[in-house]
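No experiment lies behind these values; they were computed from the predicted model shown.
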Amino acid sequence: MEINSVKAMTAIDATVLSKMFLNGAKNLELKKEWINELNVFPVPDGDTGTNMTMTIMSAAKEVSALSKPDMASIAKAISSGSLRGARGNSGVILSQLFRGFTKVIAKEKVITVPVLAAALQKAVETAYKAVMKPKEGTILTVARGSADKAAELAEETDDLVYFIDEVIKEAELVLKKTPDMLPVLKQAGVVDSGGQGLVVIMQGALLALLGKEIETDSDIDSLKGDATASGSITKISAQAEADIKFGYCTEFIIVLNQPFSEKKERNYKTFLESIGDSIVVVADDEIVKTHVHTNDPGLAIQEALTHGSLSKIKIDNMREEHQERLHLNAQKAAGSTDTTDDSKQAPEETAMQHKDAAFIVISAGAGLSEIFSGLGADFIIEGGQTMNPSTEDILNAISKVDADHIFLLPNNKNIILAANQASSLCEDKKVHVIPTKTIPQGITAMINYIPDRPAEENTARMTEEIANVKTGQVTYAVRDTMIDGKEIKQDDYMGIGDDTILAVGKDLKEVTIAMADAMITQDTAIVSIYYGEDIEQAAADAIAQELLEKHDELEVEVQYGGQPIYYYLLSVE
């Protein structure tokens, strides 16, 4: 990027920062599909670009809504927006980078080179703390390389244009080296997708500083609506006949006008307890998310207004919804075929009886969701491989469950960070994240839950048992590549195990059986086959029959999963 002719700049004010952030978001949105294609495995659900875009767009929506931004308000909008909208590992890490960055700039009236260098260092420090086992060769490495270069340059210049351009050049250099740090990247012939996303954001921000606005087909003001709109929450075990003591399910977010001390939070919760139940108060530095069942929502709102301004207010009449549901059930019982579009709305949010322990699971596919329901899941968040739910989606689910202990099953390795982030933000309920990386692990975890045992004991038991489950997934390749010595052509079928690709070929049945053979050992007792939405049961039964003929000591089960993208999911135990 040529900047030699650009006039030196020594300070960035709030207005310019706002333009830089929104331009970075636009640049990422424009290039998200390209970033998706950098996925190591050539699967059709590469979603790093999508997850990072939805995370930053949640923040961009809040930034764009500021009429007269100052540094503190922009910092709050970026931090809280990205925190709630964070989805996928890359999105959660990006939100933590923003969180650390904004902690520094929020205290300033303008950004100078020393301030920017300090903000980048804080961003890296915050993000590394959020990841239990950081890997080099990822977005974290690119961020750290940028921050280290910034610290070095801060001693040499006060020109922000030169400074940012040089920091980006260093980020690009580190990004090019990521395949040398992670062998899987080198095998696939790609750089780290999260690191590439970060570079794209930085490039867009610099363009805005230079007065060049990025044009895209999307409009920042219509950033896919509510940050939670993409997540779908299904309530499974609502107590339809429960006596509703408090009639209004009331939710809102307080945008704090001053710090929310522990004493203030305690007093606030005590007040809510005096007017209702099913109380969830989730607070961070900038916002307080509130959920309460009460007969007088106005009292809750009046109290909340003493702490700041309100947004995303939602009040549902649970008694009315309860009667509507009873009416619909009566119609169905009478064999009525007069169903309206109202019956297709999102599931009702009727009161559920208080429980000691409850399950929230993330699932993709009608059959899989039905299996989890049968195992006792209280809420199902529809998501998984094709759409990772955000931190806000998970917090919304937690707020709907009236239980002292909640077992949260991500069922996808790319959702665990968001689940942990939601757990850390929830203080009124004990949320136990069981680190399930696959649907079969989630099913095993629920099967091994023992009622009436302490939550900590069940957490340890379920976590231990999921280690005994092998998972295989069959999908198709979206590009040519070479992984672990296997040559893969576009549209080939791939059988993917927990750590690598186990089988590749042109025939779906042959690839599925080859994958299963690679997973089965002499200790294997049960193989469960979950067939997807595009598969007929007869085809799944044929695979099961061949596995039984080859391994007559096995028990093989076939169940409808209904999952998209993946033709078969296999569980081997």
Query raised in the report: Where do M54 and K32 land on the side chain to side chain contact (heavy atoms under 4.5 Å, CB included) test, with the steps shown first?
Result: CA-CA 10 Å; M54 296 188 78; K32 67 180 179 182; over 6 Å; no
Requested in this report: Would you check, one step at a time, whether the test side chain to side chain contact (heavy atoms under 4.5 Å, CB included) holds for L305 with Q302?
Outcome: CA-CA 5 Å; L305 284 169; Q302 288 172 22; 5.5 Å; no
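Screening T126, I78, L116 against F101 for a side-chain contact (heavy atoms from CB on, under 4.5 Å) leaves a single residue, L116. Test L182, V184, L185 against V190 for side-chain contact (heavy atoms from CB on, under 4.5 Å) and you get one pass: L185.
Every pair tested for ring-ring contact (aromatic ring centres under 6.0 Å, His included) that includes a residue from residues 180-209 fails, sequence neighbours excluded, so the list is empty.
Remark: side-chain polar atoms of S73 are not paired, donor with acceptor, to backbone N or O of P69 under 3.5 angstrom.
When the shell of 6.0 Å around NZ of K437 is examined, it contains 12 or fewer heavy atoms from other residues, nucleotides or ligands. Applying the 6.0 Å contact sphere to NZ of K430 captures no more than 12 heavy atoms from other residues, nucleotides or ligands. Counting non-hydrogen atoms of neighbouring residues, nucleotides and ligands closer than 6.0 angstrom, the NZ atom of K264 exceeds 12 such neighbours. Residue E262 qualifies as open at atom CD: its count of foreign heavy atoms under 6.0 Å is 12 or below.
The two atoms that bring A418 and A86 nearest to each other are CB-O, 4.4 Å, heavy atoms only. Summarising the geometry of M57 relative to A25, their closest heavy-atom pair is CE-O, 3.5 Å, with the distance given to 0.1 Å. A pairwise comparison of heavy atoms in V191 and K176 identifies CG1-CA, 4.3 Å as the closest pair. Scanning all heavy atoms of the two residues, the minimum distance from I164 to M20 falls at CD1-CE, 4.0 Å. For A127 against L97, the heavy-atom pair with the smallest separation is CB-CD2, 3.6 Å.
Between I139 and M52, some side-chain heavy-atom pair lies under the 4.5 Å cut-off. K186 has its side chain within reach of D180: a pair of non-hydrogen atoms, C-beta onward, lies under 4.5 Å apart. Q196 places none of its side-chain heavy atoms less than 4.5 Å from the side chain of K31. Between S79 and R99 the shortest side-chain heavy-atom distance falls below 4.5 Å.
S90 and T48 share no donor-acceptor pair across their side chains, judged by distance under 3.5 Å alone. Defined by atom type and a distance below 3.5 Å, a donor-acceptor pair is present between the side-chain atoms of S390 and D393. Residues E136 and T141 have side chains that bring a donor and an acceptor to within less than 3.5 angstrom of each other. For N396 and S399, the side-chain atoms include no donor-acceptor pair closer than 3.5 Å.
Between F21 and F98, the distance separating the two ring centers is shorter than 6.0 angstrom.
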